[in-house]
There are 2 protein chains.
Amino acid sequence: MPRRYHCAVEVAVDVIGGRWRPVILAHLKEGVHRYGELRRRMPDVSEKMLVQRLRELEAEGLVARHDLGTPKAPHVEYHLTAEGHSLVPVLAALHAWGLARAARTGTPIEP
Amino acid sequence: MPRRYHCAVEVAVDVIGGRWRPVILAHLKEGVHRYGELRRRMPDVSEKMLVQRLRELEAEGLVARHDLGTPKAPHVEYHLTAEGHSLVPVLAALHAWGLARAARTGTPIEP
DNA sequence: TCAAGTACGCACTTTCCGGTGAGTAGGGGG
DNA sequence: CCCCCTACTCACCGGAAAGTGCGTACTTGA
């Protein structure tokens, strides 16, 4: 974690950079997700990484975790906080650019 | 580099993710930069990384390198290509969010 | 009895991102 | 003679990011 920042983009990258954080946020941008739903939508992420990144996003105040389950029936839901929602312009722009880029380069995207 | 993508944000992150690519692109969004100017604006990046990331951005068609120098007087300029300019909405959104985030968290940004 | 679901934990391993320090060839200046 | 500038290269290294494989407790269903 850099101690000093020299531009605003460095600040943003520090919080939402990396391979999986933007993807997690993009899925949650569409609505509440259970843990298993996130796993299914992100088949290439390890569980270790998914949980670690979710914890970090919670710690940064971007994601909230609701445990609605019981020991007999586990049920956890994740959703964006107000701070997380403030990222919608970034996530929307990333998504739009990624779609256009995939179209220009013929890159397949498998849901 | 993942072989398969499951959403558009993964595509975007693969091309412009990492600690320094977004920052390089953000500086070039403001206009042409010489190598030394980029170095001065990004004091925490190593030269090895700066050059490596610039090379990758060139390879992806986002950045163009113009060598205007001579052996006696080296002079290289970097600028965004049309494809690079297509990233302006992403970079602007990252910048705006980073500024707001820094303000909300009291994070100093030193130019 | 086994497999699958839920939402994780844990120890270990691998990859690669990023840094360091020294170097290059030409120049200028104190 | 030494320091600075330009725009890099190179070998080596550390650690964070990410993955792997097995595990947990409770349930349901074949």
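Hydrogens, waters and symmetry mates are skipped; everything else that's a heavy atom, side chains included, is used. This is a predicted model, so every value here is computed, not measured.
One finds a salt bridge joining A:Arg104 and B:Glu83 here, because a Lys/Arg side-chain nitrogen approaches an Asp/Glu carboxylate oxygen to under 4.0 Å. Between A:Glu60 and B:Arg101 there is a salt bridge, since at least one side-chain N of the basic residue sits less than 4.0 Å from a carboxylate O of the acidic one.
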*B:Tyr5/A:Asp44 under side-chain hydrogen bond (donor to acceptor under 3.5 Å, both in side chains): CA gap, chis, key distance, verdict*: CA-CA 9 Å; B:Tyr5 300 104; A:Asp44 293 339; over 6 Å; no

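If you take CG of A:Leu68 and P of C:dT6, they are 15 Å apart, rounded to a whole angstrom. Spacing between atom CD of A:Glu37 and atom P of C:dA7 amounts to 9 Å, rounded to whole angstrom units. Atom pair B:Leu38:CG and D:dT6:P shows a separation of 12 Å (rounding to whole Å applied). A:Arg65 places its CZ atom 12 Å from the C1' atom of C:dT6, with the value rounded to the nearest Å. Rounded to an integer number of Å, the gap from B:Arg39 CZ to C:dT20 P is 11 Å. Look at NE2 on B:His75: it is 16 Å from C1' on C:dG26, rounded to the nearest Å.
Under the rule for a side-chain contact (heavy atoms from CB on, under 4.5 Å), the partners of A:Leu99 that lie at least two apart in sequence or sit in another chain are A:His95, A:Ile109, B:Ala8. Legend: residues meeting ring-ring contact (aromatic ring centres under 6.0 Å, His included) with A:His66, ordered by chain and number and at least two apart, are A:His79. Checked against ring-ring contact (aromatic ring centres under 6.0 Å, His included), B:His75 has no partners two or more places apart in sequence or in another chain.
DNA chain D is contacted by no residue of residues 24-34 of chain A, taking any non-hydrogen atom closer than 4.0 Å.
Residue A:Arg40 places at least one side-chain N or O under 4.0 Å from the OP1 or OP2 atom of C:dT6.
Within the structure, salt bridge (Lys or Arg N to Asp or Glu O under 4.0 Å) pairs that include any residue of residues 22-37 of chain A comprise A:Glu30-A:Arg41 (at least two apart or interchain).
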*If the sugar-phosphate is the primed atoms plus P, OP1 and OP2 and the base is the rest, what is the B/S/- string for nucleotides 9-30 of chain D, using protein heavy atoms under 4.0 Å?*
S-------SBBB-----SS---

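Note: B:Glu47 CD to B:Gln52 CD = 13.5 Å, rounded to the nearest 0.5 Å.
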